[in-house]
> 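Once you've had a glance at the structure underneath, I'll fire off some questions.
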Amino acid sequence: MEFEYTPKVKEMQARLLAFFDKHIYPNEKRFYAEIQANRQAGNAWVPTKVIEELKPLAREAGLWNLFLPHSKRAPEGLSNLEYAPLCEIMGRVPWSAEVFNCAAPDTGNMETLERYASESLKDRWLEPLLRGEIRSAFLMTEPAVASSDATNISCSIERNGDEYVINGTKWWSSGAGDPRCQVYIVMGKTNPDAGRHEQQSMIVVPADTPGITIKRFLPVFGYDDAPHGHMEIELENVRVPAANILLGEGRGFEIAQGRLGPGRIHHCMRSIGVAERALELLCQRALKRVAFGKPVAAQGVTRERIAEARCDIEMARLLTLKAAYMMDTVGNKVAKAEIAMIKVVAPNMALKVIDWAIQVHGAAGVSDDFPLASWWAHQRTLRLADGPDEVHRNAIAKLELAKHMNINPDDISMPVTRGF
Ligand SMILES: Cc1cc2nc3c(=O)[nH]c(=O)nc-3n(C[C@H](O)[C@H](O)[C@H](O)COP(=O)(O)OP(=O)(O)OC[C@H]3O[C@@H](n4cnc5c(N)ncnc54)[C@H](O)[C@@H]3O)c2cc1C
């Protein structure tokens, strides 16, 4: 395995870091101030000026759609291994990914459309998404069923002539709060009588189709995450053309398996970036804050945590790079153990480092004067979204046990659950 970044990646890393110095860090507080001002004015659910101003600059700097794997539309597309260090940088400021059109859930939705949609669906939805003109949401999780087991998903997608009729309630549909969110990819059952993994399908649904109601937003530890948001959405007799089905009836699991690997690893890359940033804040605060006659950095416990944080970040980064390398070389299916491992390791690691950084900051650490509390809240959701830790650990354990039993590891599938 060769993890040395190529000259092309090193050059892009330098360009991205320069963009952060010039445009992202100086605007970091402005982003939150703008949303707060919108909230106080009565509507936080509007796109921010700061991101819209920065998007053309990112395009000009050649830092656009970096997540997109090699394809007809992206002849210069990057591999997972090449994208990893760039995505990590975006993790340093959680809202920044959108500036480069690399934000979830659009990235996963764009990859899904690129791989599985017809040319006319691509022209209608993929192109404006790639240009960053509209946004999208992925509707899989449902309040009524344990959605970590996607075979439970029960929203019905019924064929009626040239159309499909959709009925169901979804929640935690991330990004659906944004008025630019014009399209959903919905998972549901086309045939409840088919085999366990052939019942589900995915279908493209324009957000303004009659019968769709956004019922409410779901706060995360009190954060509304506006203007992105996580919404509960009701679909009542929603009719879309039959041609909107992706790949065909009963292929939902197949599509989910295809899209989940990259989505999961992108979250992990960003978790490493945010952990690096938290460690920086921890060290800076510990060096200048004096308690009981010496800087907090002089306390053994602080040094112990700094050292452990550095070790943990390095380990998580290496595992992420290994997973990315394997996805590029042997494919997502063979890399499923590494993808599951890093999905457990990276958010837990980031949570630990952020928690230590909060501790060093004292009460300031849980306030809005520092970004640590919101980073912690976000990372905590990653232990649930895209599959709870336990489900991934279960898959890892099954693969491990398969080595000692007469079981083909190919028969053990990657957990199908989806987050933002
Ligand atoms: C901030 C946020 C954003 C999200 N964005 C999206 C989105 O955009 N689109 C979308 O469709 N969904 C989204 N989700 C939903 C997310 O993917 C689900 O919450 C997740 O898949 C878990 O499903 P559930 O909440 O129904 O938990 P349940 O399935 O009810 O599981 C509850 C708990 O049971 C335990 N458990 C489950 N299975 C096992 C097992 N095999 N072994 C041991 N324990 C187990 C786990 O501890 C688990 O946390 C988001 C969630 C959050 C928090």
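Note that ligands are numbered from 1 as they come in the structure, with each ligand's atoms numbered from 1 the same way.
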> So which atom in Glu34 and which in Val50 form the shortest heavy-atom distance, rounded to 0.1 Å?
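Residues Glu34 and Val50, closest heavy atoms: OE1-N, 3.1 Å.
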> Purely on distance, is any nitrogen or oxygen of Ser148 under 3.5 Å from one on ligand 1?
yes
> Could you list which atoms of ligand 1 come closer than 4.0 Å to a heavy atom of Val145?
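So the atoms of ligand 1 that pass are 26 (O).
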> Test your reading of the structure: does Pro388 have an N or O sitting under 3.5 Å from an N or O of ligand 1?
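No.
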> Looking only at distances, can you tell me whether any N or O atom of Thr381, backbone or side chain, sits closer than 3.5 Å to an N or O atom of ligand 1?
no
> Hey, does Asp149 come in under 3.5 Å of ligand 1, counting only N/O atoms on both sides?
no
> Is there any N or O on Glu390 that sits under 3.5 Å from an N or O of ligand 1?
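Yes; the residue has a nitrogen or oxygen that sits under 3.5 Å from a nitrogen or oxygen of the ligand.
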> Start with the C-alpha distance between Glu280 and Arg92, add both sets of side-chain angles, then the distance that settles salt bridge (Lys or Arg N to Asp or Glu O under 4.0 Å), and finish with yes or no.
CA-CA 11 Å; Glu280 282 169 22; Arg92 297 173 63 83; 2.9 Å; yes
> So for ligand 1, is Trp171 a polar contact partner (N or O within less than 3.5 Å, distance only)?
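No; the residue has no nitrogen or oxygen that sits under 3.5 Å from a nitrogen or oxygen of the ligand.
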> Looking at Asp386, which atoms of ligand 1 are within less than 4.0 Å of one of its heavy atoms?
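Under 4.0 Å from Asp386, ligand 1 has these atoms: 17 (O).
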> So do the side chains of Lys398 and Arg393 get within less than 4.5 Å of each other, counting heavy atoms only?
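In short, these two side chains do not touch, never coming nearer than 4.5 Å.
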> Are Lys122 and Glu119 close enough for a salt bridge, meaning some N to O gap below 4.0 Å?
yes
> Within a distance under 4.0 Å of any heavy atom of Ser174, pick out the atoms of ligand 1 and give their elements.
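Selected atoms, number and element: 3 (C), 4 (C), 5 (N), 6 (C), 7 (C), 8 (O).
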> Is the shortest N/O to N/O distance between Thr141 and ligand 1 below 3.5 Å?
yes
> So, are Arg251 and Glu254 salt-bridged, with charged N and O less than 4.0 Å apart?
yes
> Would you please classify the geometry between the Trp95 ring and the Phe31 ring as parallel, tilted or perpendicular, with 30° and 60° separating the classes?
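The rings of Phe31 and Trp95 lie parallel, inter-plane angle below 30°.
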> If the threshold is 4.0 Å, N to carboxylate O, is there a salt bridge linking Asp312 and Lys352?
yes
> Does Glu198 pair with Lys189 as a salt bridge, N-O distance under 4.0 Å?
no
> State whether the shortest distance between N or O atoms of Met140 and N or O atoms of ligand 1 falls below 3.5 angstrom.
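Yes, Met140 has an N/O under 3.5 Å of an N/O on ligand 1.
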> Out of all atoms in ligand 1, which are within 4.0 Å of some heavy atom of Asn394? Include the element for each.
41 (N)
